Protein chains: 2
Amino acid sequence: MSDVAERAGVSKMTVSRVLAGRNVSQATRERVQKIIDELGYVADAAAGALSSGRSEFVAVLVPSLSSSNFSDTVRGLNAALGPHGLQLLLGDTDYRLEQEELLVRSMLRHQPRCVALTGGRHTEATRMLLQRAGIPVVEMWDLPSDPIDTVVGFSNSAAARAMVRHLHERGYRRMGFIAGASERDRRGHDRMRGYVAEIRALGLGEPRVIRLGDSPITMSHGAPAIGALLDTWPDTEAVMCVSDMSAFGAIMECHRRGLSVPGDIAVAGFGNFEVSWCCQPSITTVSVDAYGIGVRAGEMLLAALADREAGDAHRRKAVKIDFTVIARDSA
Amino acid sequence: MSDVAERAGVSKMTVSRVLAGRNVSQATRERVQKIIDELGYVADAAAGALSSGRSEFVAVLVPSLSSSNFSDTVRGLNAALGPHGLQLLLGDTDYRLEQEELLVRSMLRHQPRCVALTGGRHTEATRMLLQRAGIPVVEMWDLPSDPIDTVVGFSNSAAARAMVRHLHERGYRRMGFIAGASERDRRGHDRMRGYVAEIRALGLGEPRVIRLGDSPITMSHGAPAIGALLDTWPDTEAVMCVSDMSAFGAIMECHRRGLSVPGDIAVAGFGNFEVSWCCQPSITTVSVDAYGIGVRAGEMLLAALADREAGDAHRRKAVKIDFTVIARDSA
DNA sequence: TTGAAAGCGCTACCAG
DNA sequence: CTGGTAGCGCTTTCAA
C-alpha cells in the first residue's frame, strides 16, 4: 500500500480510503485506482482485520456439504450475506458434534463477525466458546428448546407427524418408518420420533420402525430397509422414509420385486429433493424451503450485527419456517 | 495473549510457543495451558498471519457445491490438507468464469497459501491475479493445454469417446446425446464434443445431439430431452447423457412412456453418482474418482509448498486421473 | 528454555 | 478532502 501511495503521490490513508470507497476527490480516486490496477495490488485482509478489529468472515457449519438441503441453505446464506461484503467460512461437521466443536474453535481464531450453525444440539464446549466469543449466532433447521441465540427452523417431529396424518387421511393404516440406525442425524431422528408419537396418538397400533445403516441414510439404504420392513410386517400398507433419498431407494427396490407403488405399497419421503419429483412414480414428500432458511438466517445475523453497531440491545428471536406435505403419486 | 502471559507469569513469547507447540519446559507449558483453558483464550489468526506473513488458508473454487462430484472433491482436498493445519476457503463459482474471477480476487486478499481451481478455462484477469500472487495453483477435473501450474484431471472428451466405443461394442449403432444448451458446463460440453468426434470416427452417421436447458442440466431436464430426441430420431437405439442426473430423468420418462430400458432404448450416464447404481435399471456410466482428484490435488499443493519451503525449484506437474466405463443394466 | 524489541500492513483517530 | 501517528495481536529475531 505504501508502494501504491508513493507512486500516486498520496498518503497510505488516501489509498486506504479509495479501497474502502470513502470520501476521496474524483481526481485522486481515479489516479490511485489506476496505479492499483497497474500494480495488481491486492490489499491484505488480515492486516485490515487486525487494524479495524473486525473481519469480514461469517462462520457457517453444516452437517454435510453434499446434501442438497444444506448446500441450498448455504447458497441462501451467501445470497443474504455476500452483498454485504461478508465471506462465508464453510465447515462440514460430518454430522458429528465433536467435529463441530473442533471447527468452531478453529474458525473462532479468525474472529468471525457471526456464526451460523445447523441444529440445536452442540457440545457444552461449543456453547461455551460461542458464548465467550460474544458474537451473533443463529441455529438453523431446528427449533431447540434452549437456543444459544437466534433460531431459524422448524420442528422435524411435527413435520413427520403431519405426514402420518396425511397418510392416515388417505386411508392408510398399517404404516412403517425407515430410518438410520444411529442418532447422528438428529433431524432424521426427530422425524422418526414424530412418526412414533403420531402413530400412537392415532391409535394405529405398534410403530413399525426399521433402523438400518449409519445415519443419515441415503438412496442405497432404502432397498434393504424396505426389504426388512416387508419381511417383518408383510401387511404394511405405507412406508414413510426419513428422507427422499431413502424413499427413492425403497421405490426402486419395489420395482425390482414387481411391487407397484402405491398400488401394493405406498412410499413417502421427506425434503422435496429433485429426485422426488423426477422419480416415476413421483414421491409424496414434505417440502421445506432450505434456501429460504439460509436467507432468513443471513438476514437475522445482519439484523443482529446492525443492532450491535447501533448499540441497541440484542434481542433473541426465533423464526419458525413453514413446511408443507406435498401429495404426489407414490402415496 | 498479554493477559495470559501476565497471569502465567511468563512473557507473551512463551505463550506463543506453547500455542505453536515449540520448545517449552513441561512445567511452564502446563501452567500456561491451564490459564489458556481457564480464560477460554483463542489466538487471533489474523494477527498471526500478519506477523508471520503466512496464512493457513487454501482457496478452493468449484462450479457448484451441490454437485456430489465437486463436494466429494472438496472432501478429498480437506482430507489431504486439513491434517496440515490448512483451512479451506470455499467458493462456489456457479459455473461462471466472471464469478470465479471475483472470488479469486476476494480470496487473494486473505493471502492463501495456495489455490485449487476447477477446470482449465479462466478469465485473463484470473490468470493474471494468480500469476502475480505467486503461489501454487492446481487445476482440477480437466487437462488444459495451457495449465497455470499443476493439474489433476482427465479428458472429458476422451471419456465420452470411450463410452461411445463401449456402446458400439455392445452392438448399438444409432446413438444420440443429451446435453445442456449452453457451454457453461465446460466439462459437459467437452463430453459432447467427444461423443461427436467418436461418432464421426466410427462412421456412425450424423451425430444426434439434443441440447436443452441451461447447463449443467439435471434430473428434470432428462425427460423433455429424451422426448425431443425420440421425436426427432425415432429409431434411436441408445442415448448417452451428459451426466447420470439427466440419464436418470430420461429413464424415468421412458418408464412413463412404457418404454423398456434397455429393451426399447438404452441409456448411459456419466459420473457414477449414487443414483446410477440405485436406479432400476442400474445405469451404465463412466466412473471418475472425484474424492481422489481432491486428495491428489491436495497432495500436489502440499508438495509444491514443501518445495518452496526448501527453496527448491518449482516443478509443474500434470496428474492424469483414470476413468472407467461401468457396464450396468441400462445399456 | 525464556525474554525484549521490532515490525508485519492496515485503519482509527485527530489535525489541518 | 487529505495526512501523520499510533497501535491492532501476534511472530521473528536476537540476546541472555
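Side-chain atoms are counted along with the backbone in the values below, which use heavy atoms only and exclude waters and symmetry mates. The chains referred to below are lettered A, B, ... by the order of the sequence lines, with proteins before strands, and numbering in each begins at 1. Source: prediction; values computed, not measured.
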I'd like to know if the side chain of [X] pairs up with that of [Y] as donor and acceptor (distance under 3.5 Å, no hydrogens or angles considered).
{"X": "A:Ser55", "Y": "A:Gln111", "result": "no"}
{"X": "A:Ser64", "Y": "A:Ser67", "result": "no"}
{"X": "A:Thr93", "Y": "A:Gln99", "result": "no"}
{"X": "B:Ser182", "Y": "B:Ser215", "result": "yes"}
{"X": "A:Glu56", "Y": "B:His110", "result": "yes"}

Figure out the [atom1]/[atom2] separation between [X] and [N], and round it to whole Å.
{"X": "B:Gln111", "N": "C:dC10", "atom1": "CD", "atom2": "C1'", "answer": "11 Å"}
{"X": "B:Lys12", "N": "D:dC8", "atom1": "NZ", "atom2": "C1'", "answer": "10 Å"}
{"X": "A:Glu56", "N": "C:dC10", "atom1": "CD", "atom2": "P", "answer": "13 Å"}
{"X": "A:His110", "N": "D:dC10", "atom1": "NE2", "atom2": "P", "answer": "13 Å"}
{"X": "B:Leu50", "N": "C:dG9", "atom1": "CG", "atom2": "C1'", "answer": "5 Å"}
{"X": "A:Met1", "N": "D:dC8", "atom1": "CE", "atom2": "C1'", "answer": "15 Å"}
{"X": "B:Arg109", "N": "C:dG9", "atom1": "CZ", "atom2": "C1'", "answer": "12 Å"}
{"X": "B:Met13", "N": "C:dA6", "atom1": "CE", "atom2": "P", "answer": "16 Å"}

N or O in side chain of [X] less than 4.0 angstrom from [N] OP1/OP2:
{"X": "B:Ser16", "N": "D:dT11", "result": "yes"}
{"X": "A:Ser51", "N": "C:dC10", "result": "no"}
{"X": "A:Ser52", "N": "C:dT11", "result": "no"}

Worksheet item: Checking all strands, does B:Gly53 fall into the base, sugar-phosphate, or nothing category for heavy-atom contacts under 4.0 angstrom?
Response: nothing
Worksheet item: The side chain of B:Arg17 lies closest to which of these nucleotides: D:dT2, C:dA5, C:dT2?
Response: C:dT2
Practice prompt. Determine whether more than 12 heavy atoms belonging to other residues, nucleotides or ligands lie under 6.0 Å from atom CZ of A:Arg22.
Written response: no
Worksheet item: For DNA chain D, which residues in residues 20-46 of chain B have a heavy atom at a distance below 4.0 Å?
Response: B:Arg22, B:Tyr41, B:Ala43, B:Asp44
Discussion item. Can you tell me how the ring of A:Phe57 sits relative to the ring of B:Phe57, calling it parallel under 30°, perpendicular over 60° and tilted otherwise?
Written reply: tilted
